[in-house]
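These notes are about the structure you will find just below.
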Amino acid sequence: MKLERIIHSLDAVVITKFMSDGDEIEWACATDLMSEVLYYSKDSSVLITGLTKQQAIRTADIADIRVVVFTRGKEPDTPTIELANEKRITLLITPYSMFTACGRLYEAGLRCCPE
Amino acid sequence: MHIKDTIEGSFHIVGGDFSRAGEASTEIKSILQSLGFNKEIVRRAAIATFEAEMNIIIYTTAGILRYEITPERIKIIAQDMGPGIEDIELAMQEGYSTAPDWVREMGWGSGMGLPNMKKNSDEFRIDSVVGEGTTVEMVIYLDNTKD
Ligand SMILES: Nc1ncnc2c1ncn2[C@@H]1O[C@H](COP(=O)(O)OP(=O)(O)O)[C@@H](O)[C@H]1O
Ligand SMILES: [Mg+2]
């Protein structure tokens, strides 16, 4: 799914952006548990999480995930945004809950990382 | 893969310091990338290293994260001066965790760290003495034919 479509489906605010609208995201990984991201995710995924902390950015970067979405409109603190800039991670904020955000992306055709 | 000799280095990890958590693993990942290793190998090594670094930060007062790269393999050694692990077999089980609540609030403590280190390594060893510390050694082969 194109980044543009993800942003649009989630009514997301773009905090940092290091990809173009047409870049493809293949899978989604939704969790607040960082070890789950490291265990189950694939590269070229989007991470949807309520953990709006530096740890989420760090984990995404280690796992080659280039797009992170924070749910429920939670504003990240400055160190988190700085780390996203440093690691060139595209960071979005959606007003929706985890459940609704996932539902919207699923409806738009995005699927969970295969195991 | 154009390395002839051994490339090695180490990082001191301070327990409890979440603000810098993951920096050492990120550095090691950059080194592996700069050596031109294949993406999947770098990803596996980075993930295993990161989980090992997090365990030092979460469960111990201090430790060392070492890397040793030869033309054949990447070796990561995580050695700490922590409390040690009483029952390694139990600790290795998926979902087993003694992480306190404040660690869970930071997104850690789902009991998948050690299993994931093993999953991403071609060789995995863990040694622990209660009251002395724990050493985790992970090897990832650079030559995929050596399964
Ligand atoms: N370096 C260590 N020193 C002491 N105990 C450890 C260490 N690493 C792991 N453990 C123990 O093993 C358990 C399982 O570790 P792990 O699989 O990484 O999951 P998690 O860190 O999410 O609990 C931990 O909860 C802890 O009790
Ligand atoms: Mg762990």
Side-chain angles (χ1 to χ4, degrees), chain A residues 18 24-27 29-72 74 76-89 91 98 112-115, chain B residues 17-33 37-55 57-59 65 76 91-97 99 101-121:
Chain A
F18 296 97
E24 287 285 343
I25 315 297
E26 284 183 66
W27 312 107
C29 176
T31 180
D32 295 345
L33 302 174
M34 297 301 103
S35 290
E36 270 195 13
V37 179
L38 296 168
Y39 199 94
Y40 293 110
S41 73
K42 298 252 181 296
D43 57 355
S44 180
S45 301
V46 52
L47 169 63
I48 305 141
T49 185
L51 187 83
T52 58
K53 295 183 161 83
Q54 276 187 74
Q55 286 300 303
I57 306 296
R58 185 70 76 184
T59 302
D61 182 53
I62 289 282
D64 291 337
I65 291 174
R66 305 324 306 168
V67 189
V68 177
V69 180
F70 287 164
T71 55
R72 284 197 194 276
K74 276 187 242 167
D77 55 15
T78 311
T80 303
I81 297 172
E82 278 170 3
L83 189 63
N85 273 312
E86 187 191 319
K87 295 296 157 200
R88 303 180 62 77
I89 303 269
L91 178 59
M98 174 81 100
C112 186
C113 293
E115 271 178 41
Chain B
D17 184 5
F18 262 76
S19 67
R20 305 190 52 200
E23 278 184 13
S25 303
T26 303
E27 280 276 326
I28 292 175
K29 185 180 181 189
S30 302
I31 292 163
L32 299 176
Q33 277 168 332
F37 296 141
N38 124 355
K39 221 174 160 242
E40 199 45 42
I41 295 233
V42 173
R43 186 172 191 270
R44 281 170 54 205
I47 287 173
T49 306
F50 189 30
E51 285 284 8
E53 180 181 359
M54 289 313 300
N55 279 358
I57 291 169
I58 295 168
Y59 302 107
L65 196 58
I76 304 289
M92 288 299 301
Q93 282 177 18
E94 280 185 25
Y96 176 83
S97 178
D101 281 348
W102 71 270
V103 167
R104 289 171 198 265
E105 276 155 29
M106 306 290 284
W108 298 95
S110 53
M112 306 286 278
L114 290 170
N116 205 12
M117 291 178 222
K118 190 172 180 193
K119 176 182 148 192
N120 282 294
S121 307

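Below, all heavy atoms of this structure are taken into account, side chains as well, without hydrogens, waters or symmetry copies. The sequence lines fix the lettering, A, B, ..., with proteins before strands; numbering per chain opens at 1. Note that the coordinates shown come from a computational prediction; the quantities given were computed from them, not determined experimentally.
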Verify, without hydrogens or angle tests, whether B:Lys29 (side chain) and A:Asp61 (backbone) share a donor-acceptor contact under 3.5 angstrom. yes
Let's go through A:Lys53 and B:Phe18 carefully: what are the C-alpha distance in whole Å and the side-chain angles of both, what is the deciding distance for side chain to side chain contact (heavy atoms under 4.5 Å, CB included) to 0.1 Å, and is it a yes or a no? CA-CA 11 Å; A:Lys53 295 183 161 83; B:Phe18 262 76; over 6 Å; no
Just jot down the side-chain contact (heavy atoms from CB on, under 4.5 Å) partners of A:Thr80, sequence neighbours excluded, or say none.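 Only A:Gln54, A:Ile57, A:Phe70, A:Pro76, A:Asp77 meet the side-chain contact (heavy atoms from CB on, under 4.5 Å) criterion with A:Thr80.
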Please test A:Arg58 against B:Glu23 for side chain to side chain contact (heavy atoms under 4.5 Å, CB included), starting from the C-alpha separation and ending with a verdict. CA-CA 8 Å; A:Arg58 185 70 76 184; B:Glu23 278 184 13; 3.1 Å; yes
Chain A contact via B:Glu105 - which portion, at a heavy-atom distance below 4.5 Å: backbone
Is B:Thr49 in contact with chain A via its backbone, its side chain, both, or neither, using a 4.5 Å heavy-atom distance?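 Interface part for B:Thr49: neither.
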Of B:Glu94, B:Lys119, B:Glu51, the one forming a side chain to side chain donor-acceptor pair (under 3.5 Å) with A:Tyr39 is B:Glu94
At a heavy-atom separation under 4.5 Å, does A:Thr49 approach chain B through its side chain, its backbone, both, or neither?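 Neither part.
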As an exercise: rank A:Ala56, A:Ala63, A:Pro79 by heavy-atom pairs under 4.5 Å with chain B and give me the winner. A:Ala63
Going from CD1 on B:Ile47 to CD1 on A:Ile62, what distance comes out if it is rounded to the nearest 0.5 angstrom?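 Spacing of CD1 (B:Ile47) from CD1 (A:Ile62) equals 8.0 Å.
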Heavy-atom check, side chain of B:Phe50 versus side chain of A:Met34, under 4.5 Å: no
Got B:Thr26 and A:Lys87 here, is their nearest side-chain heavy-atom distance under 4.5 Å?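 The answer is yes, as the side chains (C-beta and beyond) meet within the 4.5 Å cut-off.
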Less than 4.0 angstrom from a charged side-chain N to a carboxylate O is my criterion; do B:Lys39 and A:Asp43 meet it? yes
